[in-house]
Amino acid sequence: MRTTLAATVVVASLLAPTAASAEPAAGADAAARAETGGDAIPALTDSRGRVLTLRGWNLADKSHSGDAALSGITEKHFRDMRAKGFNTARVLFFWDDLEPRPGQYSQAYLDKIERVLDWAHKYDVKVVLDAHQDVYGPAFGSRGIPAWATRTDGLPFTPHPDDWFSQYFEPAVQRAFTHLYEDEDLQRAQARMWRVLAERFEDHPAVLGYDPINEPMGEMREGEDLATAARRIERDQITPMHNRIADAIRSVDKDAWLFVEPTPIVGEGVPTGLGRIDDPKVVYAPHFYNGTMEAGGDYDPSARWIENYEAAVTQYPKEYKVPVVVGEWGPLDNSLPNMNRFYREAMASLGRYSSGWTGWEWCYGGGYCAVDGAGAFRTNKELTAEPYAEAVAGTVRSASYDPEAGAYRLSYDSAGRRGSRITELSLPPGDWRVTAHGGALVLRKDRGRAWILASPNTRVTVTATRG
């Protein structure tokens, strides 16, 4: 479990007034957000200017380190994800594995990451490399930031093995984050680590971008509630950290996107306090978790959590004109009575404002796993597999999917003569009929994908219907 009931109660009690005051956002289809004026949220684009939609999953191996690091991620993961229509993986790596001693970077670990990226490229899966941390790192019995980069000033830490998230509120953990953000030598070490990684993989064709740090937290001050503390930490500490890491990455890689995260407190409908990241290729990458469902509870539509979250999470990208890709989402127990409704409403909400998402997680088993041991979707997880336009060569006017009818419709204005003319569709398993109208034709359809060729500057309509 990512969190447990005690932490859920603490977070919910601190944030309930803030979340309740939020109003649902009115959003256009995410794919149509190629414009950046007004309240529009920009779309993610590729090097050819095509509008991208990312759909995929996190790939994690938290159990192995050292010589066995990343052994839990295999070629099968990428093959199976692509076969079910997913085009993106957020791949976790750990700073403690990459730099086990100060200034000594593990070439063997970099080789292991490259092997994973090679598999992704083989199956045409885009990768976001995520510098993951849970409860800071190994100094507190977890993974992430090395023990040598952990400073606690002698403050106490009491493990809570049955209450994972509450450990972030232990004094030693909170102080460690403060030192990471404020100590100049640790700032330099974190930036160097990112430069080493980006320099190694800047030319790898599978790499779409980098996530500087997973779910950053910080130290609360006396008298602060959690929402106030989160906004201060995001504004005063996490924003400068993202800018430092952006500078380090840009010194070697000019092209990759930077997927910047706020604290996980945004999951309770709290607008972020993040400021501007001074980089031209920033993606806002919040996580989409609800405390009750994290504790194994059912979805409660009357609580309006999805509406509150959407209203809060769209404020930052509207203000700073950056795309949104949700880096993690998904409940612990997806078989409860209201979970079918949750997945349908969550997919619709994500489609209104985001350029895509990576769910937690692609693994074979129970809990959060997307599929069972035989590779079949677990209950309700099949609702995440929809037709979508992976890359649109033009300006998207609308995109919609009716799961009951099994019908997808895309309308776009094709690019001019100097732009790319190929639009790519992803189709989940099944028999799909694809048609194109308005100066366009279906160039090819093969293995769950379709390629559309359009004449320049025309209005194109593409439909995909399940046979």
Side-chain angles (χ1 to χ4, degrees), residues 42-50 52 54 56 58-61 69-70 73 75 77-78 87-100 102-133 144-146 187-214 240-261 277-285 322-323 325 327 355-356 358 390-391 420:
L44 190 68
T45 55
D46 66 9
S47 60
R48 290 180 280 176
R50 297 184 302 172
L52 297 180
L54 309 181
N58 283 259
L59 292 180
D61 182 2
L70 295 175
I73 299 176
E75 182 177 352
H77 288 75
F78 294 98
N87 68 347
T88 307
R90 180 174 177 259
V91 174
L92 280 60
F93 75 93
F94 299 104
W95 184 1
D96 58 286
D97 261 327
L98 178 56
E99 191 179 1
Q104 297 184 21
Y105 301 98
S106 170
Q107 295 303 310
Y109 190 58
L110 290 169
D111 291 344
K112 293 175 187 293
I113 296 174
E114 185 167 18
R115 178 184 62 185
V116 170
L117 292 174
D118 289 345
W119 289 330
H121 179 55
K122 179 178 179 179
Y123 294 99
D124 197 18
V125 173
K126 302 174 182 67
V127 169
V128 177
L129 287 171
D130 161 46
H132 209 80
Q133 65 79 29
I145 300 160
Q187 293 175 358
R188 290 192 297 269
Q190 188 183 32
R192 282 196 305 268
M193 179 273 290
W194 265 111
R195 180 187 171 99
V196 167
L197 185 113
E199 188 170 30
R200 174 68 181 264
F201 299 120
E202 60 162 326
D203 292 326
H204 199 288
V207 174
L208 176 69
Y210 310 105
D211 185 333
I213 184 171
N214 175 69
M241 177 195 65
H242 284 323
N243 275 303
R244 288 191 299 271
I245 294 173
D247 289 344
I249 290 173
R250 290 299 174 230
S251 69
V252 293
D253 188 337
K254 307 297 185 185
D255 299 323
W257 289 89
L258 301 183
F259 291 71
V260 300
E261 295 190 37
I277 312 303
D278 296 319
D279 190 271
K281 299 191 72 173
V282 168
V283 178
Y284 183 50
V322 297
V325 173
S355 287
T358 48
E390 294 194 33
S420 173

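No experiment lies behind these values; they were computed from the predicted model shown.
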L98 CG to I113 CD1 distance, which is reported to the nearest 0.5 Å: 6.0 Å
Nearest atoms (heavy-atom pairs only) where A391 meets L52: CB-CD2, 3.9 Å
For V322 and V282, which heavy atoms make the closest approach, and how far apart are they? CB-O, 3.5 Å
Is a side-chain donor or acceptor of H242 paired with a backbone partner of E261 at a separation under 3.5 angstrom? yes
Closest contact, heavy atoms only, L44 versus S355: N-OG, 3.1 Å
W119 and V125, any side-chain heavy atoms less than 4.5 Å apart: no
Side-chain atoms of residues 188-199: list all donor-acceptor pairs with protein atoms under 3.5 Å, sequence neighbours left out, distances to 0.1 Å.
residue: W194; atom: NE1; partner: P212; partner atom: O; Å: 3.2
residue: R195; atom: NH1; partner: S251; partner atom: OG; Å: 2.6

Which distance, rounded to the nearest 0.5 Å, do you find between the CG of L59 and the CD1 of I73? 5.0 Å
For residues D130 and F259, determine if any side-chain heavy atom of one lies less than 4.5 Å from a side-chain heavy atom of the other. no
Under 3.5 Å: donor-acceptor pair, side chain of T358, backbone of G327: yes
Contact summary for Y123 and E75, nearest pair of heavy atoms: OH-OE2, 2.7 Å
Quick check for you: to the nearest 0.5 Å, what is the distance between L129 atom CG and F93 atom CZ? 6.5 Å
Please name the pair of heavy atoms, one in S420 and one in R50, separated by the smallest distance, quoted to 0.1 Å. OG-CD, 3.5 Å
Please list, chain by chain and in numerical order, all residues satisfying ring-ring contact (aromatic ring centres under 6.0 Å, His included) with W95, sequence neighbours excluded. W148
May I ask you to decide if A69's main-chain N or O and D61's side chain share a donor-acceptor pair within less than 3.5 Å? no
pair W257-V325: side-chain heavy atoms closer than 4.5 Å: no
Would you say the side-chain atoms of K126 pair up with the backbone N or O of N87, donor to acceptor, closer than 3.5 Å? no
Mind running side-chain contact (heavy atoms from CB on, under 4.5 Å) on R90 and N214 for me, showing each step along the way? CA-CA 11 Å; R90 180 174 177 259; N214 175 69; 3.0 Å; yes
Tell me, do E390 and T88 make a side-chain contact under 4.5 Å, heavy atoms counted? no
Does the side chain of E99 pick up a donor-acceptor pair with the side chain of Y109 at under 3.5 Å? no
Considering all heavy atoms, the nearest L70-L92 contact: CD2-O, 3.8 Å
Hey, can you pull the donor-acceptor pairs under 3.5 Å for the side chains in residues 202-209, sequence neighbours left out?
residue: H204; atom: ND1; partner: A206; partner atom: N; Å: 3.1
residue: H204; atom: NE2; partner: D118; partner atom: OD1; Å: 2.7

Under the side-chain contact (heavy atoms from CB on, under 4.5 Å) criterion, do I245 and M241 qualify, and how do the steps go? CA-CA 6 Å; I245 294 173; M241 177 195 65; 3.9 Å; yes
If you measure from CZ on R244 to CD1 on I277, what distance do you get to the nearest 0.5 Å? 10.5 Å
